[in-house]
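What follows is a short report on a single structure.
We count residues from 1, following the sequence as given. Not measured: the values here are computed from a predicted model.
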Amino acid sequence: MIVGIPKEIKNNENRVGLTPAGARELVKRGHQVYVQASAGENSGFPDAAYTAVGAELLPTIEDVYAAAEMIVKVKEPIAPEYRLIRRDQLVFTYFHFASSEPLTHAMLDSGAVCCAYETVERADGSLPLLIPMSEVAGRMATQEGRYFLEKPRGGKGVLLGGVPGVKPAKVFVIGAGVVGTAAARTAAGTGADVTICDISLQRLTYLADVMPKNVKTLMSSEYNIREELKHADLVIGSVLIPGAKAPKLVTREMLKDMEPGTVMVDVAIDQGGCFETSRPTTHEDPVYYVDGILHYCVANIPGAVPRTSTLALTNATLPYVLQLADKGWQRAARENAELALGLNIVSGKTVYRPVADAWGLPYEPLTL
């Protein structure tokens, strides 16, 4: 198969879809790998690293899309890429269709086969291609929240861990999945007073056993969320419904009870955000205020640490990339139910129900 690795063009997206090590595995199996010139440089992988393992360089993004049967990316295609994607071309990347109606219609119109990292799902319900970036995003959420709590950055001027004689900051994490757990653990490591909530009592019981003593668990409810917001210095939203829009758990009305300069980080923004007042931002312009509350809603948080993120992502995606390349998407999906769940749009049809429901589209079950 001909596999193409274009350079990411989303704002400040410095990751690349495949490392040279991943390219080498494809070449060893007889596949042809085309990499756009300089695609890996911002992740620390120069062009020479790709050519050394047998990949070939192409000068433009147009050349890569035109040549490839399968595109391996990091982030969803953006408007300039829509016209480059053609019928029956396999695109394997994060799509997050439920957060973008224009993207959904563009991919339906293209006739492409869209396999989304975020909905590849194991039998136990875990999301193997979301986990590595969720680990990064969770840690980064606390790191960025801590930064913007500084007074010169617009926050209330609170140090997460406090100092002797001064109480630590209060961090409230909504959602106890991979992102929330990583965020809470990172915040706890600074000495912050952390509360993490979730609707799963089983998950909270587990976290109560394994988390440091400065992490408290709380059952998620509207009442409990409202009460915690009143005293929080940093709020991290990390709610996920696979492939679907995130629920709005913090309303604008709740902001009036919060202290000015409180920082809210919405890691769920890729799926529409779990705060009513959230809108996507970029690393270039990451924050804004609503009613005196500072919002950080960067849609590609791991892009700030591209070296770590690219290595972690390829570790997870490569086994699936190899299956798709070796077998073709239809046979790979027949033989691997995890990949079948990754298929969201196929040849102009919406085959993943949460995406169809998000935009009122006809749902057509996948047939292989």
### Query
Of the non-hydrogen atoms in Val72 and Gly17, which two are nearest, and what is the gap between them?
CG1-O, 3.6 Å
### Query
Any idea which heavy atoms bring Pro128 and Val120 closest together, and the distance?
CD-O, 3.3 Å
### Task
Please determine, by modelled atom types, if Arg153 and Tyr147 share a side-chain donor-acceptor pair under 3.5 angstrom.
yes
### Query
Quick one: are Tyr206 and Thr181 in side-chain contact, heavy atoms under 4.5 Å?
no
### Task
Evaluate whether atom NZ of Lys75 has more than 12 neighbouring non-hydrogen atoms of other residues, nucleotides or ligands under 6.0 angstrom away.
yes
### Query
Under a 4.5 Å cut-off applied to non-hydrogen side-chain atoms, are Asn300 and Asn11 in contact?
no
### Query
With distance as the sole criterion, is a donor-acceptor pair present between the side chains of Tyr320 and Glu338 under 3.5 Å?
yes
## Note on the structure
Which of Val250, Asp257, Ile293 passes side chain to side chain contact (heavy atoms under 4.5 Å, CB included) with Leu229? It is Val250
### Query
salt bridge (charged side-chain N to carboxylate O under 4.0 Å, His left out) between Lys156 and Asp233: does it pass, once the steps are laid out?
CA-CA 8 Å; Lys156 59 171 67 172; Asp233 298 300; 3.0 Å; yes
### Message
Does atom CD1 (Ile199) have a neighbourhood of more than 12 heavy atoms from anything else shown, all under 6.0 Å?
### Response
no
### Task
Determine whether Arg279 and Tyr288 make a side-chain contact, defined as any pair of heavy atoms from C-beta on separated by less than 4.5 Å.
yes
### Task
Would you please say whether a donor-acceptor pair under 3.5 Å links the side chains of Ser200 and Asp198?
no
### Query
Of Leu234, Val171, Ile236, which meets side chain to side chain contact (heavy atoms under 4.5 Å, CB included) against Val263?
Leu234
### Task
Looking only at non-hydrogen atoms, find the nearest pair between Pro77 and Leu103 and report the distance.
O-CD1, 3.5 Å
#### Entry: Minimum side-chain heavy-atom gap Phe95-Val355 below 4.5 Å
no
### Query
Tyr65 versus Leu58: any side-chain heavy-atom pair under 4.5 Å?
no
### Query
Is the NZ atom of Lys327 crowded by more than 12 outside heavy atoms at less than 6.0 Å?
yes
### Query
Considering the options Leu339, Leu343, Asp88, which one meets the side chain to side chain contact (heavy atoms under 4.5 Å, CB included) requirement together with Trp329?
Leu343
### Query
Mind checking whether Tyr94 and Leu130 have side chains closer than 4.5 Å, heavy atoms only?
yes
### Identified salt bridge (charged side-chain N to carboxylate O under 4.0 Å, His left out) partner of Asp326 from the options Lys28, Arg29, Arg331
Arg29
### Task
Answer whether the closest heavy-atom distance between the side chains of Asp193 and Lys167 falls below 4.5 Å.
no
### Query
Should we count CD of Glu101 as having more than 12 external heavy atoms under 6.0 Å?
yes
### Message
If you define the side chain from C-beta out and look only at heavy atoms, does anything of Arg226 sit under 4.5 Å from Glu253?
### Response
yes
#### Entry: Thr186 versus Thr142, side-chain donor and acceptor atoms under 3.5 Å
no
